[in-house]
Amino acid sequence: MIRQANKYDKTEIIEMLKEFKKESQIKQYQELNNVEYINELLDTIIAGRGVIFIKPNIGMIIGLISPTVWCNKMYGLYELAWWVKPEYRNGITGYKLLKAYIDYAKQLKQNGRIKLFTLSKLPNTPDLNYEKLGFVKTDENWMQ
């Protein structure tokens, strides 16, 4: 069952984040491991500054609510990590996590709490029809 995560899920979320980082293929992230910061970030998100949907022992999606770059009074929900254990991929779990995130974000938009929400695509993220899900490609990020 997919549900919103709580403080008791933090240990499992941190383990999933470690696997996500390992698979991300972003070499600049591989050495980073500030557990205190990750704990603080998760506490902030769980307290209402974002959302984490989890299917225990299988996968999760995390979004952070933050001001936009253009206005400190306009907020967005920014997806930080979307990860499913390899043995559960190519099924419906990943889609159900994404759907929970999208439905939650649409509710936040409707209530006026956020103006926008994002979804990231890493090089190893499966190809989805993001447009069919209502997303519009706005940019690409490059890292050195």
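Only a predicted model underlies this, so the values are computations on that prediction, with no experimental measurement involved.
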I65 and L108, any side-chain heavy atoms less than 4.5 Å apart: yes
From L17 atom CG to K21 atom NZ, the distance as rounded to the nearest 0.5 Å: 9.5 Å
Connected via hydrophobic side-chain network under 4.5 Å: Y95 and V51: yes
Rounded distance (nearest 0.5 Å) linking atom OG of S66 with atom CG of L80: 9.5 Å
N111: partners by side chain to side chain contact (heavy atoms under 4.5 Å, CB included), with sequence neighbours left out: Q107
Joint hydrophobic cluster, Y78 plus M74, side-chain heavy atoms closer than 4.5 Å: no
Shortest non-hydrogen contact between G48 and R113, atoms and distance: O-NH2, 2.5 Å
In residues 37-45, what donor-acceptor pairs under 3.5 Å come from side-chain atoms, sequence neighbours left out?
| unit_1 | atom_1 | unit_2 | atom_2 | d |
| --- | --- | --- | --- | --- |
| N39 | OD1 | K10 | NZ | 3.0 |
| N39 | ND2 | V35 | O | 3.1 |
| D43 | OD1 | K10 | NZ | 2.7 |
| D43 | OD2 | K10 | NZ | 3.4 |
| T44 | OG1 | E40 | O | 2.9 |

Ion pair check, E12 and K85, cut-off under 4.0 Å: no
Pairing residues for V69 by the side chain to side chain contact (heavy atoms under 4.5 Å, CB included) criterion, not counting sequence neighbours: none
Side-chain donor-acceptor distances from residues 53-64 under 3.5 Å, at least two apart:
none

Results of side chain to side chain donor-acceptor pair (under 3.5 Å) for K22 - residues two or more places apart only: E19
Exercise: identify the closest heavy-atom pair between A5 and I13: CB-CD1, 3.7 Å
E36 atom CD: more than 12 heavy-atom contacts under 6.0 Å: no
From W83 atom CH2 to E15 atom CD, the distance as rounded to the nearest 0.5 Å: 9.5 Å
Shared hydrophobic cluster, I14 / I52 (ILVMFWY, side-chain heavy atoms < 4.5 Å): yes
Side chain to side chain, R49 and I46, heavy atoms closer than 4.5 Å: no
Worked verdict on R3 versus D9 for side-chain contact (heavy atoms from CB on, under 4.5 Å): CA-CA 11 Å; R3 61 174 172 76; D9 296 308; 2.7 Å; yes
Heavy-atom check, side chain of K115 versus side chain of Y75, under 4.5 Å: no
Under 3.5 Å, which donor-acceptor pairs link side chains of residues 97-105 to any protein atom two or more places apart or in another chain?
| unit_1 | atom_1 | unit_2 | atom_2 | d |
| --- | --- | --- | --- | --- |
| K99 | NZ | D103 | OD1 | 3.4 |
| K99 | NZ | D103 | OD2 | 2.9 |
| Y101 | OH | L77 | O | 3.3 |
| Y101 | OH | E79 | N | 3.2 |
| Y101 | OH | T118 | O | 2.6 |

Any side-chain heavy-atom pair of F20 and V84 under 4.5 Å: no
